[in-house]
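The next block holds one structure in the form of structure tokens; read it before the comments.
Here is the naming used below: chain letters follow the sequence lines, and residue numbers restart at 1 for every chain. Just so we're clear, the structure is a prediction, and the values are computed from it rather than from any experiment.
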Amino acid sequence: MFTLTLKGLRARKVRLFLTAISILLGVAFVSGTLVLTDTVKAAFDQLYAGLTQGTDVTVRATSAFSATSTLQAGKPLPASLVDTVRQVDGVAAAEGSLTGYALMLDKSGKPIQPGGAPTLGAGHTTDPELAGGFTLRSGRAPQAPGEVVVDAATARKYSYQPGDTINIIFESGGQRRFTVVGIAGFGKADNLAGATLATFEMTTAQQLLNMTGQYRQIDVRGKADVTPAELRSRIAHVLPAGLEAVTSAAVANEASKSIQSALSMFTKIFLGFAAVSLLVGSFIIWNTFSILVAQRGREHALLRAIGAGRRQILGSVLTEAVVVGLVASVLGLALGLGVAAGLRGLLGAVGMELPSTALQLHARTVLAAFAVGVLVTLVAALAPAWRATRIPPIAALREAAAPVRDAATWRLIIGGLLLACGVAGLTRAISADSQTAAAALGTLATFVGVLMLAPVAVRPLVRVLGAPISRSVTGGLGRLNAARSPRRTASTATALVIGLALVVAVTVVASSIKASVGDVLDRASRADLILKADSQFAAGVPAGVADKLRTLPEAGTVSEMRWGMAQIGAATTPVAALDPATVDQVANLGIASGSVGALGTDGILLSADVAKAKGLTVGSPLTVRFAQTGDHQLHVIGTFTDTTLIGTPYVVSLGTYDANFSDRLDIAVLVKAKPGVSTAHIKRLAATALAEYPNVAISDANDLKDTQRKSVDQLLGMVYVMLLLAVVIALLGVVNTLALSVLERTRELGLLRAVGMTRRQVRSAVRWEAVLIAAVGAVLGLILGLAFGAAFSRALASLGIVTVDVPIAQPLLCAVIAALAGVVAAIAPARRAAKVDILRAVVAE
Amino acid sequence: MSVLQSPSEARTVAARVVGATKLYGRGDSAVRALDDVSFEFPAGAFTAIMGPSGSGKSTLLHCLAGLDTLTSGQVCIGDTDVAKLSDGELTLLRRNRLGFIFQTYNLVPTLTAQENIVLPLRLGGRNADPEWLAQVVAAVGLADRLGHRPAELSGGQQQRVAAARALVTRPEIVFADEPTGALDSRSSGELLRFLRHAVDEYGQTIVMVTHDPVAASYADRVLFLRDGRVVSQMTEPTADRILDAMKGLGE
Ligand SMILES: Nc1ncnc2c1ncn2[C@@H]1O[C@H](COP(=O)(O)OP(=O)(O)O)[C@@H](O)[C@H]1O
Ligand SMILES: [Mg+2]
């Protein structure tokens, strides 16, 4: 039995491969994502291991929770502490270090802003061993206030050499000019995880980074006879409260963890796309095996008649599934390495440059690839395999054509019920705001309902869609063939439905977001100008920007906003800070109760939704944990409804911020011009005044709307690329189904050719069949996608989608293209059909 | 011979093979399916090809109909040398000038009887002449079955649909390969009477392969093959005479 199966497989290599492809892409995505994650992690681990080399213990301020941003790491500690630490028994060397915000400019004055990594300034460590992997590649260490050492990656990319002058922007005081005296690298790497780094002589660094007389941490190396753990506990004894000593191993471990959590979002997104393509692929597997089992009905019946057991039939079909799964896994894994390289490039393209190391292929990835490939194939083939065992031996003696079974009644009833529930859920989600649960459940129920009813819907759909082409003889034949096996057509089309529904839904949501951007901004902002960092990856703009703007007589109100991470309840969440005195002139927060003016230094403003969810009212106490300063009990001074400008439900005063965060970077600066000063005028004035801050983007309301719409489009483009994969897999499914159908109809095709059908007509008929199958998928996908998209747009009202915009043209275009792609899917099967040997077909066997 | 034929169509030869030889395989193991066969198929007549199994009947028919090519020799349909035609031209020849009835699997299962009958016309973008169609349909006795699909028709009915299809384009020749091979004697009789009727009434030329002496007795002339060669001919055949002749061939 087993050898029979394998022999059969060998004879059907092409079919096997085509079937495997549908799962292969999903496997490639899964393994690619895992490879990428491992690779990135390995790269960072190497980097941190190198960096902490030579340092045994680090002294730093305790952090109430681990904040993700490097700039908000820890409270500064007094410089005098270094001497205390040096006196601890077993310490060989101890040196303070500090980092802060420093943005270098390239030779043309443009900011050097890496994607996703900070722009750091630091004091130059003098002890070479404590400096770890950080070593001078050329030049010398900075010794005078006007000197700087630049990281090798920046030096290479922007061609800086010792002797060049470089301008650098700090949190306060605008641009300063330095002479590059040296270039430094980090072990083999040219920079630290993508960050730019400028190091200064230590005292200069303290001044530039607003940390005079302070360090961020103290790096300690022990004598040979002390273990790092022992040294750590000895140092811990002499530290005042609020400070801690940690071993380098622990530091490296923390860093590695935080990198992983930063990557986890990407991992999830990519795995999500993998899941979509696997889902689509599994439909194709299911369909292919259903067809194969139907075609081999006689063969199976014959085997049963000569004594094969049900179990053996089941085994033979499942063996084939396993082989398909194995082929898909092996090829998918290989492709996955390519995908990983591609994704790395993609991340680089959007600005997330990752340190490079060889691609990491771990056993877990291999295991996952095989598990996914084989399991998905096996599960998808289970139902068809089961059906194969139901064939009675007597079928071997009957006429070949398997009877077309009508859809089971239970299927119709359950499908109908699900569809009804789904439509009810979607209707509810579309008719009221923020019905997330209704939207999600409605989508799921509708989808499953449609899947179950699809075989029934195929005949009428094909009849209607095919009406325009039924006058031509090939169109008519194509139409008949598309409706010939409704189940086959339905499951082939289903794969396309999934892909297209997602594409269309995403388009609708994106379109709603774009339509909302304008409204949201007009409602929330009263400012004439909004200034932000011109890179989305920058931590903010230096506080100096707002100071400079205040010197303009035409600027009536200048109000800044900051952002920092805090822990409230169990969640780590951003908290916004603003100036209670001026915020009302530049923004409309939609105050529902209380007043912003009352923020003071211990007040907090909550969004009405969050206040309601937490059961808080004006006057209620709320404990907020800041990384640098620990727990603070604030009290609720009011609630507001419009979070769109602020982007977080928690607001404190700038005073509270300054007391709990050490950086002075503004996420946005809002400017309201004096009465009578035009927006264009104040924009020009601001541009002139901020000439030394090339990293600041000055936008009026229209600019900002444009930028936001553009970023939506950019995101949409990326999502499209991923979803396109699902659509391509679905089209491969059409190829597969057609190829099998053509094979099944060899005699019929021969007959048609004998009575005068030209090859061109044969091809045309197959093409029309493909187009109709694809069109069924496209129409269902379009309708579902529009409904899902509208429901989710409405459900996500809280994210600032105030207008639900259901575009017609673009989704319709997608659907038409998908249907026409059927032509491409038909190429190979049509060619094969046209080549049918007439004689072989008409001569009775 | 019908007096209704116009002068231009008043050919006496509908198809001709000259020195037709067909080899399957190569070298020593080659099978000589046709061995230097020359014959003229008279127009407006019903010719049956008989012979033992494996004597080359089907091969001859397929080569005549342009479904297969000769190894050497010539096949002409009317004045057309079949060997000189491209695949596209051959298709048009089959569609417009020839009709076919195969032993089994004659009909497209998705099409109704009526659609199957007019299929060759539709493939050429033509519509059926309603009068002619009605006449053919009435003659095969299928007027009340036109809306049925093949699966809903008996074997005999299916073969009659195929016969109607073969006639609907008014082809120069209808080729039939064992059209009654899978039918019971009653259905066979109906079909053969219809073919005879087409020859007598419309002057249709028919070439039919069969190994059934009764079927062959409906023909005007019988051609006997053995081992790929023409061994004898018979005019005004009867079933008994054919049976005797076949015995002489070693069947
Ligand atoms: N496709 C083929 N390949 C090889 N030999 C063939 C093929 N078709 C027919 N033959 C051989 O040619 C001879 C004539 O076959 P055929 O014309 O089918 O005979 P008939 O129809 O009289 O039974 C037989 O010996 C047969 O085995
Ligand atoms: Mg034969």
- Could you check which of A:Leu480, A:Leu751, A:Leu477 has the highest count of heavy-atom pairs closer than 4.5 Å to chain B? A:Leu751
- For residues A:Arg747 and B:Thr104, determine if any side-chain heavy atom of one lies less than 4.5 Å from a side-chain heavy atom of the other. yes
- Message: Tell me whether the count of non-hydrogen atoms from other residues, nucleotides or ligands lying under 6.0 Å of CZ in B:Arg126 goes above 12.
- Response: yes
- Just wondering, more than 12 heavy atoms not from B:Asp227 lying within 6.0 Å of its CG? no
- Message: Using heavy-atom distances under 4.5 Å, tell me whether B:Tyr105 contacts chain A through its side chain, its backbone, both, or neither.
- Response: both
- Item | A:Arg471 portion near chain B, given a 4.5 angstrom heavy-atom threshold | backbone
- Item | Most chain A-contacting option - heavy-atom pairs closer than 4.5 Å, from B:Pro109, B:Ser58, B:Gly88, B:Pro120 | B:Pro109
- Between B:Leu93, B:Asp68, B:Asp87, B:Leu119, which shows the greatest number of heavy-atom pairs under 4.5 Å with chain A? B:Asp87
- Query: Should A:Thr758 and B:Leu123 count as side-chain neighbours, where that means a heavy-atom distance under 4.5 Å?
  - Reply: no
- With B:Arg95 as partner, the option from A:Arg753, A:Met757, A:Gln761 fulfilling side chain to side chain contact (heavy atoms under 4.5 Å, CB included) is A:Gln761
- Query: So what's closer than 4.5 Å to chain B heavy atoms on A:Arg760: side chain, backbone, both or neither?
  - Reply: neither
- Taking all non-hydrogen atoms of both residues into account, name the closest pair between A:Ala754 and B:Phe102 and its distance. CB-CZ, 3.8 Å
- Proximity breakdown for A:Ser472 and chain B, heavy-atom pairs closer than 4.5 Å: backbone
- Is A:Ile838 close to B:Arg94 at the side-chain level, that is, under 4.5 Å between some pair of heavy atoms? yes
- Query: More than 12 non-hydrogen atoms from neighbouring residues, nucleotides or ligands closer than 6.0 Å to CZ on A:Arg832, yes or no?
  - Reply: no
- Selection from A:Asn481, A:Leu752, A:Thr474 maximising heavy-atom pairs under 4.5 Å formed with chain B: A:Leu752
